[in-house]
Amino acid sequence: MGRNFSAAALVLFAPLVGAENQINMSPGVTEIGVSIFELHMLIMWICVAIGVLVFGAMFYSIYAHRKSKGHQASQFHESTKVEVAWTVVPFLILIAMAFPATSTLLDVYDNDDSELDILITGYQWKWKYEYLDASGETVSFFSNLATSQEEIYNTREKGENYLLEVDEPLVIPTHTKVRFLITANDVIHSWWVPEIAVKRDAIPGFINEAWTRVPQEGIYRGQCTELCGAYHGFMPVEVHAVSRDEFDRWMAAKRGVAAAQNALAMQTLSVDELMDQGQRVYAAACLACHGAGGEGGVGKAIAGSPIVLGDIATHMAVVANGVPGSAMQAFGAQLSAVEMAAVLTYQRNAFGNNTGDVVQPGDVTGTKNG
Amino acid sequence: MGDHHHGPAKGISRWLFTTNHKDIGTMYLWFSFAMFLLGGFFAMVIRAELFQPGMQLIEPGFFNQMTTLHGLIMVFGAIMPSFVGLANWLIPMMIGAPDMALPRMNNWSFWILPPAFLMLASTLFMEGGAPAFGWTFYAPLSTTYAAPSVTFFIFAIHILGVSSIMGSINIIATVMNMRAPGMTYMKMPLFVWTWLITAFLLVAVMPVLAGAVTMMLMDIHFGTSFFSAAGGGDPVLFQHIFWFFGHPEVYIIILPAFGVVSQIIPAFSRKPLFGYASMVYATASIAFLSFIVWAHHMYTVGMPVAGELFFMYATMLIAVPTGVKVFNWITTMWRGALSFETPMLFCIGFLVLFTLGGFTGLMLSIAPADFQYHDTYFVVAHFHYVMVAGAVFSMTAAIYYWLPKWCGRMYNESMGKTHFWISFIGFNITFFPQHFVGLAGMPRRIPDYALQFADFNMMSSIGAFIYGASQLLFLFNVIATIVAGKRVSEEKVWDGAEGLEWTVATPAPYHTFEEPPAVPRPAGTI
């Protein structure tokens, strides 16, 4: 319900939001966001006040003490009193600023007593979310840019959430202390959602912590904020904050899908099923580098590729393990057995690669690393 | 004995083999201006792509090459060498020395620069393209995930580091040993003081940068894991080392700019610099603090909270000596007899815009707020206010101010003023809206952006084209002055100018102060 409502509100007000040019930081929806915003405004106004005084004096001098008006230069060049004053007074102002800054910082760092832990892993160029669960039933999925290449390359009109939309958003419950454990798989990324005031670097080999408690249902969007390679600008974050009930329903559905996937992995799938799912996996995982028509780009062409047309085991090894020293990542840990089988089948039969080969999930389980 | 006057050699050998501080200064200045145009051209490419949402002109990977080379060339190729050129021209003339202390090394420290930058620029044509990891080249994007050209980049950084260290040693040796009798430290012009302190910063931190790139080289080619957690290293270690160099580096850029402003404002206020001694102490304090604040560039890497607090407090402290400087400049103007020739206009532009950059710097120092500002266009706006409106404006002021002394010809004043106003307006149209998009959530270093940022980005791009074009007017004015400017012959080109460089003939002869001058003036009247 709440989610529908906020979605409707978003559609209604979007033209207004789009039309107005935001010029200031948003306080966002969280307590920390509000206290950061207040800190930001406080310091900005202090700076404005100092600026008015300093520039006021300067412009008065420019106006009144001109040679062209015949003003004679006085020759004073020292005043210990004044110099001590303008060293000590700014120092005191800084001390006054340090108190609220320190207390807000301590709040930002208070990662204790979380009710839900989510592991966020940055990949070139997508995010992986894993809901850590003591029972061991971890739900995990990748979140890719949903904006089409046609929009990016201006052949189709850009949607309202251009570059800020994903195929599968992170879903979190409201009124819950959610702790994010943030890391990366390749290079350094940074996970930022301004409206919930969380920004933390995702560093390969290390895990950072951050937290939020979102009081309001809604969709909150953000982006990667650490240069992470060619498609750094194309790995957004989309967070859906929903009621606890809706979150539980969503989680149950996710578990169901995972179970179904596991069941599928035991079965033999039809070529159509594989091609259908393969196309979706291709669009999410391969298309950015290998092109919508398999024509290549950052990566090599899939159409007519000797690897794709050659031995299935070699093809699978390249997709699963990547090509060291190139932009080709290891997808073994990123794709389920079904997805791996589907995308291999798709690549071997799409774009004029009519090999007729079918790869089944059962063929993958043995080779898949991780 | 001192009658051994000889002019410069003829032809290209004059420039190749010269040990004359004025020739070398001139070469540094022209070289840095060429780099300024090249880096500026890259900036124009960046702004053209960002003119509208969507990818129009270039690919995302090439966009990253442009931002990387723009940053590297502006910092290491344009701003730093320009101030070294200024130091070469002015320090001997300001302290009454016949030349730099180590003239042959001086030649060498210039001549290794052009090959280094040629090599850096040539990476654009290499397989895999130029470095595309930002001028801060964070590992592992710059090691495991970099194009093969990174090795050439590392070599280029090493060479220009060597050049900077040699240049700094030369400046330190000159200032310490070659001051005219009576030119005590506390009588030196502020430009000399700021450069002396800058030179110590350079000698201290350039080897750190060399260490960082050497560790990268080892990680890339020799199997070490300094910056890879998989081998027991740490990617964040790179950032600590880089910013231990990088933060002093920003003061290396801005301190000589402070020196220039401290020379020019008194001249056009016709009044001695206010608080000479406190200016020297403030410069030294800023230099000291610059070594203990580096991690404020890294608030989001997950440091312990005690570390964050330390770096936040230390960073906030920098506002105190910086404030002292701004107050001193304004008090120097107070009750002076002001006139507004082009150098003074650029200094006032510096004063206003640098102070704005200082304010945003103070905001950025507040760690919790930085969680929202970090790596957004707010940061881009901040550092362009201090680097462009700070360093570049003051450098421009310096050229207009000393050019008549150097070449004995006066620049065209109305063209100079036009240059100032177009620059000032263009600069602000470019960078002021970037505060807004940054606060509204636009990350930096992205080739394409969400639709709500479109209007301000278009404005920014228009401003950038205006600012860029105004630099061509500057180039034209300088060349026109050298070739056909109105001749000036009085020693003091500006009636309010003070200092030994204004006591020699105009244009400054090839050799000056072969006999040490008398230094009569008391302290504080520079």
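- Of the listed residues Phe55(A), Tyr231(A), Phe37(A), Phe234(A), the one with more heavy-atom pairs under 4.5 angstrom with chain B than any other is Phe55(A).
- In terms of heavy-atom pairs under 4.5 angstrom with chain A, the leader among Phe63(B), Phe340(B), Tyr138(B) is Phe340(B).
- Options Asp107(A), Asp186(A), Leu164(A) differ in how many heavy-atom pairs under 4.5 Å they form with chain B, and the most are formed by Asp186(A).
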*Could you give me the CA-CA distance, side-chain angles and deciding distance for Ile446(B) and His232(A), then say whether side chain to side chain contact (heavy atoms under 4.5 Å, CB included) is met?*
CA-CA 7 Å; Ile446(B) 56 174; His232(A) 161 56; 3.6 Å; yes
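- Judged by the 6.0 Å and 45° rule, Lys199(A) forms no cation-pi pair with Tyr299(B).
- Of the listed residues (Val82(A), Val108(A), Ile188(A), Val198(A)), the greatest number of heavy-atom pairs within a distance under 4.5 Å of chain B belongs to Ile188(A).
- Proximity to chain A (any heavy atom under 4.5 Å) is shown, for Pro53(B), by both the backbone and the side chain.
- Among Glu78(A), Glu209(A), His40(A), the residue making the largest number of heavy-atom pairs under 4.5 Å with chain B is His40(A).
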*side chain to side chain contact (heavy atoms under 4.5 Å, CB included) between Ile366(B) and Ile43(A), worked out*: CA-CA 9 Å; Ile366(B) 307 295; Ile43(A) 291 159; 3.2 Å; yes
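- Under the 30°/60° scheme for interplanar angles, the aromatic rings of Trp334(B) and Tyr60(A) are found to be tilted.
- Of the listed residues (Arg270(B), His435(B), Arg335(B), Met55(B)), the one with the most heavy-atom contacts under 4.5 Å to chain A is Arg335(B).
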*Check step by step if side chain to side chain contact (heavy atoms under 4.5 Å, CB included) holds for Thr331(B) and Phe76(A).*
CA-CA 10 Å; Thr331(B) 314; Phe76(A) 69 89; 3.9 Å; yes
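- Contact annotation for Ala450(B): both backbone and side-chain heavy atoms come within less than 4.5 Å of a heavy atom of chain A.
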*Take Trp192(A) and Thr376(B), measure what side chain to side chain contact (heavy atoms under 4.5 Å, CB included) needs, and give me the verdict at the end.*
CA-CA 11 Å; Trp192(A) 183 33; Thr376(B) 67; 3.4 Å; yes
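- For a residue to count as touching a neighbouring chain, one of its non-hydrogen atoms must lie under 4.5 Å from one of that chain's; by this rule Asp448(B) touches chain A with backbone and side chain alike.
- Val320(B) and Leu94(A) get closest at one heavy-atom pair: CG2-CD1, 3.7 Å.
- Of the N and O atoms on the side chains of Tyr145(B) and Gln124(A), not one donor lies less than 3.5 Å from an acceptor on the other residue.
- Contact count against chain B (heavy-atom pairs under 4.5 Å) is highest for Thr104(A) among Ile46(A), Thr104(A), Val89(A).
- For His77(A) against Pro272(B), the heavy-atom pair with the smallest separation is CB-CB, 4.0 Å.
- Minimum heavy-atom separation, Ala73(A) to Ala337(B): CB-N, 3.6 Å.
- Within the 4.5 angstrom heavy-atom criterion, atoms from both the backbone and the side chain of Gln56(B) approach chain A.
- For the set Met97(A), Glu151(A), Lys69(A), the count of heavy-atom pairs under 4.5 angstrom toward chain B peaks at Met97(A).
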